[in-house]
**Student:** 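My questions will all concern the structure given below.
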Amino acid sequence: MSAKMSYIPLKNQPTDEEAIEGRTEQNKGEEWPDSSTITSQATRKRNSYVATIIKVIATVLLLGAFFMLGRTTSNGQHHHSLSGNDTKLVSLGKCPPDWKEAEEAGCVYDLVLSTWMHPRCFNEEMHEKYKVILRDMNFTYWLEPEMINEIPLEAVETGEHGWVWTDGRFHHLHCAYALERIHTALMNDPLVLDTICRNEDHLHHCLWYNGNPEWADVKAPNTTRIYNEDYLIDCLVG
């Protein structure tokens, strides 16, 4: 609910001592709001409006994702399993979290998903689209949460680094990317998808996280940690 703006009427010039004393007591503590107060109120209102827009867009996307998941999996001709425990799934290859080992294994780095994966599971066209979005959003990346040493995007996208910190928008973009990867993969037969996107806990996390954005978290400059998962990422068919 928007704050109600209070306007204080202009005070008439007193004509006698009694009026002076009366108005002094009545108006004690009353002040015109200064420019910083008005600016702060406007900023909070704008931030609340933007957060609301984000929630509405995220909700529409999530409902669409649920619809597509239900529609695709209910069709007998295009039944896919997102679970990596399905015995009918075939592994194309696993990628380790260590970037040197991953490169030696022929894996490629997905910056937005923040992991190394088999080339068959890597959607280059979608990845390039999101890299453009990353550049447009102008993220700042740090080597530590204290934000001392900045690292350029060109270094981050190589994957040849340890933990990197940036603001909360990256996490929301990561989840939107994961949901689009699932949607795109489900449109193909057979389904080829990595075990991060097939993980139901990760899927539910992203559905909840993008459906409930908090403005303070979105704008926090060091709240998102970019790092490789500390386990093998499989690329599965089926």
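These values consider heavy atoms only, across backbone and side chains, with no hydrogens, waters or symmetry-generated copies. One-based numbering along the sequence shown. Computed from a predicted structure; not experimentally measured.
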**Student:** Within a strict 4.5 Å, meaning less than it, do heavy atoms of the His127 and Val108 side chains meet?
**Tutor:**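 Contact flag for His127/Val108 side chains = no.
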
**Student:** To the nearest 0.5 Å, what is the distance between SG (Cys107) and CD (Glu101)?
**Tutor:**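 Between Cys107 SG and Glu101 CD, I get 10.0 Å after rounding to 0.5 Å.
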
**Student:** Under 3.5 Å, side chain of Asp234 to main-chain N/O of Leu236, donor-acceptor pair present?
**Tutor:**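 Looks like no, no N/O pair under 3.5 Å.
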
**Student:** So do the side chains of Glu229 and His202 get within less than 4.5 Å of each other, counting heavy atoms only?
**Tutor:**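 A side-chain contact under 4.5 Å is absent here.
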
**Student:** If every non-hydrogen atom of Leu173 is compared with every non-hydrogen atom of Ile133, which pair is closest and at what distance?
**Tutor:**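 Heavy-atom minimum between the residues: CD1-CG2, 3.9 Å.
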
**Student:** Can you tell me if CD on Glu124 sees more than 12 non-hydrogen neighbours from other groups inside 6.0 Å?
**Tutor:**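 Counting neighbours around CD of Glu124, 12 or fewer heavy atoms of other residues, nucleotides or ligands fall under 6.0 Å, so no.
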
**Student:** Residues two or more places apart in sequence or in another chain: which of them pass side chain to side chain donor-acceptor pair (under 3.5 Å) with Asn149?
**Tutor:**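 Testing Asn149 for side chain to side chain donor-acceptor pair (under 3.5 Å), a comparison that skips the adjacent residues, returns Glu144.
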
**Student:** What distance do Phe170 atom CZ and Leu134 atom CG have between them, rounded to the nearest 0.5 Å?
**Tutor:**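 One gets 5.5 Å once the value is rounded to the nearest 0.5 Å.
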
**Student:** Determine whether Leu111 and Leu153 make a side-chain contact, defined as any pair of heavy atoms from C-beta on separated by less than 4.5 Å.
**Tutor:**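 Heavy-atom side-chain distance check passes, below 4.5 Å.
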
**Student:** Who pairs with Thr158 by side chain to side chain donor-acceptor pair (under 3.5 Å), at least two apart in sequence or on another chain?
**Tutor:**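 With sequence neighbours excluded, Thr158 shows a side chain to side chain donor-acceptor pair (under 3.5 Å) to no residue whatsoever.
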
**Student:** Would you find more than 12 non-hydrogen atoms of other residues, nucleotides or ligands less than 6.0 Å from Glu125 atom CD?
**Tutor:**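 No - once you tally the heavy atoms of other residues, nucleotides and ligands closer than 6.0 Å, there are 12 at most.
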
**Student:** Grouping I, L, V, M, F, W and Y whenever their side-chain heavy atoms are under 4.5 Å apart, do Leu89 and Leu232 come out in a common cluster?
**Tutor:**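 Result: no, two separate clusters.
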
**Student:** Donor-acceptor pair, distance only, cut-off 3.5 Å: does the side chain of Thr223 make one with the backbone of Asp217?
**Tutor:**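 It does not hold such a pair.
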
**Student:** With rounding to the nearest 0.5 angstrom, report the SG to CG distance, Cys175 to Leu113.
**Tutor:**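 Cys175 SG to Leu113 CG: 9.5 Å, rounded to 0.5 Å.
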
**Student:** Parallel under 30°, tilted from 30 to 60°, perpendicular over 60°: which one fits the rings of Phe139 and Tyr141?
**Tutor:**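 The arrangement is tilted - the two ring planes meet at 30° to 60°.
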
**Student:** Report yes or no: do Leu179 and Phe122 belong to one cluster of Ile/Leu/Val/Met/Phe/Trp/Tyr joined by side chain heavy-atom distances under 4.5 Å?
**Tutor:**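 Different hydrophobic clusters.
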
**Student:** Please report the shortest heavy-atom distance between Ile151 and Leu143, naming the atom on each side.
**Tutor:**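 For Ile151 and Leu143, the tightest heavy-atom pair comes out as CD1-CD2, 3.9 Å.
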
**Student:** Identify whether Val112 and Tyr209 are in the same connected component of the hydrophobic contact network (ILVMFWY, side-chain heavy atoms under 4.5 Å).
**Tutor:**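 No.
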
**Student:** Of all the heavy-atom pairs spanning Asn228 and Pro97, show the shortest one and how long it is.
**Tutor:**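 The answer is ND2-O, 3.0 Å.
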
**Student:** Pairing donors with acceptors under 3.5 angstrom, does anything connect the side chains of Asn123 and Tyr177?
**Tutor:**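 Distance-only check fails for Asn123 and Tyr177.
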
**Student:** Kindly say whether Trp163 contributes a backbone atom to a donor-acceptor pair with the side chain of Arg225 at under 3.5 angstrom?
**Tutor:**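 No, Arg225 side chain to Trp163 backbone: no donor-acceptor pair under 3.5 Å.
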
**Student:** To the nearest 0.5 Å, what is the distance between NZ (Lys100) and CD (Glu104)?
**Tutor:**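 Reported to 0.5 Å precision, the distance equals 9.0 Å.
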
**Student:** For the residue pair His171 and His205, what are the closest heavy atoms and their distance?
**Tutor:**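 Closest approach of His171 to His205: NE2-NE2, 2.9 Å.
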
**Student:** In Å and rounded to the nearest 0.5 Å, what is the SG to CD distance from Cys197 to Glu180?
**Tutor:**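 If I round to the nearest 0.5 Å, the distance is 11.0 Å.
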
**Student:** What are the two closest non-hydrogen atoms of Thr184 and Met126, and how far apart are they?
**Tutor:**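 Closest approach of Thr184 to Met126: OG1-CE, 3.2 Å.
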
**Student:** Could you tell me whether Arg169 and Asp167 make a salt bridge, using a distance below 4.0 angstrom between a side-chain N and a carboxylate O?
**Tutor:**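 Counted as a salt bridge, because a side-chain N and a carboxylate O are separated by less than 4.0 Å.
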
**Student:** Mind checking whether Trp165 and Tyr227 sit in one hydrophobic cluster, side chains of I, L, V, M, F, W, Y counted as touching below 4.5 Å?
**Tutor:**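 Linked within one cluster.
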
**Student:** Which heavy atom of Cys95 sits nearest to which heavy atom of Trp116, and what is that distance?
**Tutor:**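 Shortest heavy-atom separation between Cys95 and Trp116 comes out as CB-O, 3.5 Å.
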
**Student:** For Asp194, which of His118, Arg120, Arg181, Lys94 qualifies under side chain to side chain donor-acceptor pair (under 3.5 Å)?
**Tutor:**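 Testing Asp194 for a side chain to side chain donor-acceptor pair (under 3.5 Å) against His118, Arg120, Arg181, Lys94 leaves exactly one candidate, Arg181.
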
**Student:** Would you give the length of the straight line joining atom CZ of Arg198 to atom CD1 of Ile233, rounded to the nearest 0.5 angstrom?
**Tutor:**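 The CD1 atom of Ile233 is 12.5 Å from CZ of Arg198, to the nearest 0.5 Å.
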
**Student:** Cys121 versus Val192: any side-chain heavy-atom pair under 4.5 Å?
**Tutor:**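 Sidechains of Val192 and Cys121: in contact.
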
**Student:** State yes or no: do Trp142 and Ile226 share one hydrophobic cluster built from I, L, V, M, F, W and Y residues joined by side-chain heavy-atom distances below 4.5 Å, directly or via other members?
**Tutor:**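 No; tracing contacts between hydrophobic side chains, which count when under 4.5 Å, never links both residues.
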
